[in-house]
Protein chains: 2
Amino acid sequence: MAQLAGVSTATVSRALTAPQKLRPATLARVTEAVRRTGYTPNLAARTLRARRTMLVLVVVPDIANPFFSDVLRGVDEGLSQHGYGFLIGNLARSRAKEPQLANIALAGQVDGMLLLNGRIPQGGRRSLTASDIPMVAVCEAIEGARIPQVEVQNREAARQAVAHLARLGHRRIAYLAGPPDNFVERERRGGFCEGMTAAGLSARSARFYPGDFTFASGVAAATAFLQTRPRPSALFAANDEMAIGFVKTMRSAGIVVPDQVSVVGFDGIEFADFVEPTLTTFRQPRRELGYRGATLLVAAMRGEAIDPAQAHQYLPVPLLERGSTALAPAV
Amino acid sequence: MAQLAGVSTATVSRALTAPQKLRPATLARVTEAVRRTGYTPNLAARTLRARRTMLVLVVVPDIANPFFSDVLRGVDEGLSQHGYGFLIGNLARSRAKEPQLANIALAGQVDGMLLLNGRIPQGGRRSLTASDIPMVAVCEAIEGARIPQVEVQNREAARQAVAHLARLGHRRIAYLAGPPDNFVERERRGGFCEGMTAAGLSARSARFYPGDFTFASGVAAATAFLQTRPRPSALFAANDEMAIGFVKTMRSAGIVVPDQVSVVGFDGIEFADFVEPTLTTFRQPRRELGYRGATLLVAAMRGEAIDPAQAHQYLPVPLLERGSTALAPAV
DNA sequence: TTGATTTTTGTAATCGATTACATTTTCGGC
DNA sequence: GCCGAAAATGTAATCGATTACAAAAATCAA
């Protein structure tokens, strides 16, 4: 290959990694030879010598969750643009695999990590936090971690949900919660309370139904809701799946949504469009979350300084006003 | 590290890759030294020399599709069990990236490929088909390809759908199709026709509505359906998303499902449980598809002979009889 | 044209494992 | 205790790129 172009292997290497260092004529000869032979540099050799793998480990809490697959699409776009590929580390909703994933990074098998799970994996042979492996957190923020993060304006959106309902005349607004140890749940709940206060309503006296982000917990909340007196006229669910479970149960109990109860969800999953009535919700910019996270990580892996203003991004989540919210029924 | 154990690097290497070649005492000394130093072999060096990457390229037609994320979970399980990781090649519903993905494999960056897209990627610098890179097709079969394949019994299930409806007394059964160039669509349509014949009904005179697997095409089919005379009493949709779009539109038009029209879907997506009425459908064993494909691929990559009986697997797809099917209305 | 300076290219060491081959050790049988 | 075969271990070449350093070529000023 090098012979065909009449140059040394060093020159070939330079042609591929630092073309500006070559005379145009030489570069052209090498390029032509590369084209003719269909030469591809061996990745392993390059990695071995240059100590870069051009690979990123993406830690996902649950790969079977469609939410993350959309985020992954953005990650894919952001990384492949810069020549990076990615490995997927699926935690499958448990922490058992964390040490294994941490070690992949610590062993230098990847150049950086993208954390979608709201936690820095623990239990590796060394501490990831203390290492200088570039990491970026996406979707679920990691409190106290000194790494770039990209999340959505959970708190702000939740406030807006309450404001939207208050504007429609609702005064008894309930909250359908996620798991209490979850970061986004806490943000959304906090925003809900702030929104209540801002609307001149008492957050203290609002009804809070427990939930865990599943459809089933939405159903359970609906059952509890039916027995609540006085019955709230609106409900803000911390995610769409619960909201849909809630709405479905309401309807089978003969309660008309939105006439008797307004419901607001969160996430903007695809099926929010397909249920009856269509769900009023906040559309998370999933692809964008992944894309921005990937872009930040690439910068970090290249050793570029990250603009502090970019280091922690809060993306806006637009409210989609649709069929499940309406004016409060007259008292 | 080798010094700490008082052995050569060759022995360390053997301790890690072929422990049975060492005397137990030596092995123990090395193991202890490995533990104490926290040594991890450099993957790049190993790959360079051993010419194995322990990585698989998974080609996905659309990573944002939840169907595939579930399959990926199975793939993850099957591969990680044997120490393999995987890269994701996302085609994003187009063929533009095929050459790029083919080249990743041809350049030896992975040890094998798992194809979920029903096609062998074309346009690489050499032909993948002619190469000896291990490949396995999953979900969507690749006709004529001499590689192991894992798919579901599409044809059999479609026959069963018709049988189920016929058993309920339906005689005018319509078919809501997928894109005509899609392999699984053709199988399901074929099974539908066979089922009609088996039930003593004319497949020729059945109504076929065009579709493309999207919710919107289910809505469109419903609109056409409403104008069909005489109106069929049952419909078999080639996937759940269309079935759900169809049902939703029927209901808003005041047609009661299943009393006036029975509907059967295909795939068993999560939301089939959540719609009203719950959808009668076939649950695809998604995780299992991925797991089996991964297992076959590992065998192929290890150079093991594949039992011909295992080389093309057709997994059964159980029918879930739920709310969207009922006895045909009396004529 | 010449010599100094800069740019381009080549030579050879290097990354860290695996592995063919050589050497040493172990072990059984006599 | 010795010999030969078998098992265990060591030595050194090797995988294929990158890159420090050296050498050669190009460029420029006088």
Side-chain angles (χ1 to χ4, degrees), chain A residues 1-35 37-55 83-85 103-111 125 301-303, chain B residues 1-35 37-55 83-85 103-111 125 301-303:
Chain A
M1 160 53 209
Q3 311 176 33
L4 196 147
V7 297
S8 72
T9 63
T11 302
V12 174
S13 172
R14 282 189 275 258
L16 267 45
T17 58
Q20 77 286 356
K21 287 192 177 172
L22 294 191
R23 222 171 31 205
T26 315
L27 180 55
R29 275 216 315 291
V30 177
T31 310
E32 170 62 11
V34 167
R35 201 188 54 67
T37 56
Y39 164 85
T40 324
N42 179 309
L43 252 254
R46 172 176 286 178
T47 295
L48 177 58
R49 180 64 229 234
R51 300 166 166 290
R52 287 177 298 112
T53 62
M54 297 306 280
L55 242 35
Y84 283 88
N103 283 334
I104 289 178
L106 291 166
Q109 290 180 37
V110 294
D111 294 346
R125 89 180 76 263
M301 291 186 302
R302 289 179 169 170
Chain B
M1 162 50 211
Q3 311 175 30
L4 196 147
V7 297
S8 71
T9 63
T11 302
V12 174
S13 172
R14 282 188 275 256
L16 267 47
T17 59
Q20 76 286 355
K21 287 191 179 173
L22 295 191
R23 219 173 28 202
T26 315
L27 180 56
R29 275 216 314 292
V30 176
T31 310
E32 170 61 12
V34 165
R35 199 188 56 68
T37 57
Y39 163 85
T40 325
N42 179 309
L43 252 256
R46 172 176 285 177
T47 296
L48 176 59
R49 180 63 228 235
R51 301 165 166 292
R52 287 177 298 114
T53 62
M54 296 306 281
L55 242 35
Y84 283 87
N103 283 334
I104 288 178
L106 291 166
Q109 290 180 38
V110 293
D111 294 343
R125 86 182 78 264
M301 291 186 301
R302 289 179 169 171

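Hydrogens, waters and symmetry mates are skipped; everything else that's a heavy atom, side chains included, is used. Reminder, nothing fancy here: chain letters follow the sequence lines and each chain counts from 1.
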**Study point:** side chain to side chain contact (heavy atoms under 4.5 Å, CB included) between L4(B) and Y39(B), intermediate numbers included
**Key:** CA-CA 12 Å; L4(B) 196 147; Y39(B) 163 85; over 6 Å; no

Check your understanding: If you look at every strand shown and take non-hydrogen atoms under 4.0 Å, does L22(A) touch a base, only sugar-phosphate, or nothing?
Key -> sugar-phosphate

Practice item. Go along nucleotides 12-19 of chain C 5' to 3' and tag each nucleotide: B for a protein heavy atom under 4.0 Å from its base, S when only backbone or sugar atoms are that close, - otherwise. Key: -BBBBBBB

Exercise for review: Kindly indicate whether the side chain of N103(A), heavy atoms from C-beta on, has any atom under 4.5 Å from the side chain of T40(B).
Suggested key: no

Point to revise | Identified side-chain contact (heavy atoms from CB on, under 4.5 Å) counterpart of L48(A) within the set N42(B), T47(B), L43(B) | key: N42(B)

Revision key, fill the gap. In this structure, CZ of R14(A) is separated from CG of L16(A) (nearest 0.5 Å) by 12.0 Å

Study note, to complete from the structure: To the nearest angstrom, the CZ-P distance between R29(A) and dT8(C) comes to 14 Å

Exercise for review: Report which part of the nucleic acid G108(A) touches: base, sugar-phosphate, or nothing (heavy-atom distance under 4.0 Å, all strands).
Suggested key: nothing

Check your understanding: Reading DNA chain D 5' to 3', what string of ( ), [ ], | and . shows its pairs, if Watson-Crick and G-U wobble pairs count only when both distances fall under 3.5 Å?
Key -> ||||||||||||||||||||||||||||||

Check your understanding: Between atom CZ in R23(B) and atom C1' in dT9(D), what is the gap in whole Å?
Key -> 9 Å

Review point. Can you name the closest pair of heavy atoms from V30(A) and A5(A) and give their distance?
Key: CA-CB, 4.0 Å

**Study point:** Spacing of L22(B) atom CG and T31(B) atom OG1 [to the nearest 0.5 Å]
**Key:** 8.5 Å

Review point. Quick one: OG1 on T37(A) to CD on E32(A), what's the gap to the nearest 0.5 Å?
Key: 9.5 Å

Check your understanding: Is the shortest heavy-atom distance from the side chain of L55(A) to the side chain of L55(B) under 4.5 Å?
Key -> yes

